[in-house]
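Before any comments, here is the structure.
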2 protein chains.
Amino acid sequence: MKGTVTVKTLAKELNISIATVSKALNDSYEISLETKQKVWDLAKKLKYERNPSASNLRSHKTKTIAVIIPEIANNFFSLAINGIEEIARKRDYHVLIYQTHENSETEIAFTDSLLSGRVDGILISVSSNTNNNEHFKELVKKIPVVFFDRVFEDIDAVKITTDDYESAYNATCHLIECGCKKIAYLFALNNLVTGKNRFAGYQKALERYNMIYTDEMIVHYDKNTSKNYENIKAMVSDQKPDAIISSIEDLALPCYYVARELNLNIPKDLKIISFSNLNTAPLLNPSLTTIEQPAFEIGKEAASILFKILDKKYFEPNENHILKSSLIKRESTSCG
Amino acid sequence: MKGTVTVKTLAKELNISIATVSKALNDSYEISLETKQKVWDLAKKLKYERNPSASNLRSHKTKTIAVIIPEIANNFFSLAINGIEEIARKRDYHVLIYQTHENSETEIAFTDSLLSGRVDGILISVSSNTNNNEHFKELVKKIPVVFFDRVFEDIDAVKITTDDYESAYNATCHLIECGCKKIAYLFALNNLVTGKNRFAGYQKALERYNMIYTDEMIVHYDKNTSKNYENIKAMVSDQKPDAIISSIEDLALPCYYVARELNLNIPKDLKIISFSNLNTAPLLNPSLTTIEQPAFEIGKEAASILFKILDKKYFEPNENHILKSSLIKRESTSCG
DNA sequence: TTTATTTACGAATACGTTTAAGTAAAAACA
DNA sequence: TGTTTTTACTTAAACGTATTCGTAAATAAA
């Protein structure tokens, strides 16, 4: 690259050594303020930008973090990235994005490739059909990793989650208190604590009110979008539940279509409640009762913790930070 | 880093030079298949991962692109990133994300910092209050850049846009044909061709039907969300339009709230149409007529073109690729 | 056979930065 | 005064890879 301005350029121009220039740029105590100022001024004038590759190679710091998520085109994850980006920005860190599309192999390929020293740390929300946590157990030994929202239980790393159990429990109670007798459940993330806790909260609430569920009332998430629609439709037709709890946003919207198709009135014939960060929830027809996760805050928290680890100011890897979700009651569960 | 496996490790193990190892890893014709195979096998066995910093430093190729957008938590942009990521994935490229939050200075800081050789190319959808295209004129001389959706007219670079003029024209005609007599316009992106074209399409349609608009019927986008709501409400109260065209999604939802507040029935009293990629548009109350941009395809196209440029297989920088949006008519504009 | 060409590799250097180690001069101390 | 310490720099060696150039052996051409 001709014309590139490097430390050499600055050094030659100022008649000092490149070491001095480098140290001045890094605001080292070894350099006099006078010299630093000269270097900074010239650097600004010549629009010097430190070559990140050279810097990384020497210092082993990349000022880059990776975010691995299932899907970016999802309200929850894009809000989380928003939070992550905000924190990264303050620290002048760069953010790499990787989408797994819920594919476990892709996920492994990403994490493996990130071990080459491309990033300082990783934020990950694991793919729903990952059941191999052995791989992650190895990963966390090699590079700082913070898990958020979709996490494993027995991994020696910091995890940021929401109160999945409690919020599912509360949501179910809300339905029961509205008089629902048969509450179906749309099950997703079943091999992650996230999904397990949500389901457990649902179960516990039923138990408390001496209610039961059968396997026929549970619809499991399918990668195939139209399959999901079909499965929900079949379940609703067969079982005729008077309420549905959806453990993820993607399964809530099909419910609306199913209700229309089967001529069921929401909330009269069928009440719906879903984990969701849809900002149009209040405007839906009818407006959707949601369990809203603090997605932005989760992102911020995850990134903050990661940076604390990178700063070596944090030494409790096996900790679970739990943020509170909020149940926002709307028309889709209005009583009577 | 102790224990890191480098070319040196492989070379020592196989009793060959590091040059040979490096060439073998890059599948050079200079190396015999036999040797290559030995290197590949050992690399796999030892889980060798090429150090990207060292590689970049030497080769000046980063296998990384940057995406600069106003907001990630926006359906259009997250879908676009999705498309970009898909293409990048196929090429084993890494994707850095930067959010400007519609701040022009942030935008300039990002692009400047990216000139340090951190990325091979840039995809950008410019911030709405950027009116300084001089900066971008300089930028495109220094690094491959592809603009998408939010673009400038007179920049010597490839631009990927949608048929903003035509789709705004068609949308306006649709309203007029429904009998609307007074069509208000929510104006955004006014210093970009994108915004200008949309407005021009609106104007042209009115003109064709010998209709007029006054400045009072135009609401300009404000950074402040609640201001937007207030401005729209004031305009609707004062002007009593029978239809609104919103040039961006963010201004469409406030219309729903305003209509509720003012007790106006959509579509009877007020028809609404908006540029939008909301996947809940069909489920809103009432469902929203949208001009839907092929966001995913725009991302794919932008990334594809960027890679062609990086491959030196593309030499028409000043070209505008126009993809078609689709007008999806729903209840918010239903006639009679 | 001799000569020219091809094949397969190695030595050495450069990419731009950081940093350990060394040093002269200035300042502080005895 | 001489001695130690501090200040402000410089020298030189890395970090891990890619690449130019050189070369010995193998093959082809004469």
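Not measured: the values here are computed from a predicted model. Proteins come first, then strands; the chains are lettered A, B, ... in the order of their sequence lines, and each starts at number 1.
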For [X] and [N], what is the distance between atoms [atom1] and [atom2] respectively, to the nearest whole Å?
X: Q37(A); N: dA8(D); atom1: CD; atom2: P; value: 15 Å
X: I18(B); N: dA14(C); atom1: CD1; atom2: P; value: 15 Å
X: I16(A); N: dT17(C); atom1: CD1; atom2: P; value: 13 Å
X: L57(B); N: dA14(D); atom1: CG; atom2: P; value: 17 Å
X: L33(A); N: dA8(D); atom1: CG; atom2: P; value: 10 Å
X: K63(B); N: dA18(D); atom1: NZ; atom2: P; value: 11 Å
X: L10(A); N: dG16(C); atom1: CG; atom2: P; value: 13 Å
X: L25(B); N: dT19(D); atom1: CG; atom2: P; value: 13 Å

Taking the minimum atom-to-atom distance to the side chain of [X], which one of [options] wins?
X: T20(B); options: dT17(C), dC9(C), dT11(D); answer: dC9(C)
X: E30(A); options: dT17(D), dC15(D), dA21(C); answer: dA21(C)
X: S17(B); options: dG10(C), dA8(D), dC9(C); answer: dG10(C)
X: R58(B); options: dC9(C), dT17(D), dT19(C); answer: dT17(D)
X: S55(B); options: dT17(C), dA18(D), dT10(D); answer: dA18(D)

Let me spell it out: for each of I31(B) and A54(B), pick the nucleotide of DNA chain C with the closest heavy atom. Which residue's pick is nearer the 5' end?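 With I31(B) and A54(B) compared, the 5'-side residue is I31(B).
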So does [Y] get a backbone contact from the side chain of [X], meaning a donor-acceptor N/O pair under 3.5 Å?
X: K63(A); Y: K61(A); value: no
X: E85(B); Y: Q99(A); value: yes
X: D120(B); Y: T62(B); value: yes

Map S59(A) and A19(B) onto DNA chain D by nearest heavy atom, then report which one ends up closer to the 5' terminus. S59(A)
Non-neighbouring partners of N103(B) that pass side chain to side chain contact (heavy atoms under 4.5 Å, CB included), sequence neighbours left out: E105(B), T106(B)
Once you apply a heavy-atom cut-off of 4.0 Å, does S53(A) come out as touching a base, just sugar-phosphate, or nothing?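 Nothing, no nucleic acid heavy atom in range.
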Using 30° and 60° as the class boundaries, would you call the ring planes of Y98(A) and F110(A) parallel, tilted or perpendicular?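 Tilted.
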Would the base of dT10(D) count as contacting K23(A) through its side chain, where contact means a donor and an acceptor less than 3.5 Å apart? yes
Just to verify, which of V67(B), D149(B), L192(B) counts as forming a side chain to side chain contact (heavy atoms under 4.5 Å, CB included) with S125(B)?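 Between S125(B) and the candidates, side chain to side chain contact (heavy atoms under 4.5 Å, CB included) is satisfied uniquely by D149(B).
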Just N and O in the side chain of [X]: are any of them under 4.0 Å from OP1 or OP2 of [N]?
X: S32(B); N: dT7(C); answer: no
X: Y29(A); N: dC9(D); answer: no
X: S22(B); N: dT19(D); answer: no
X: N56(B); N: dT17(D); answer: no

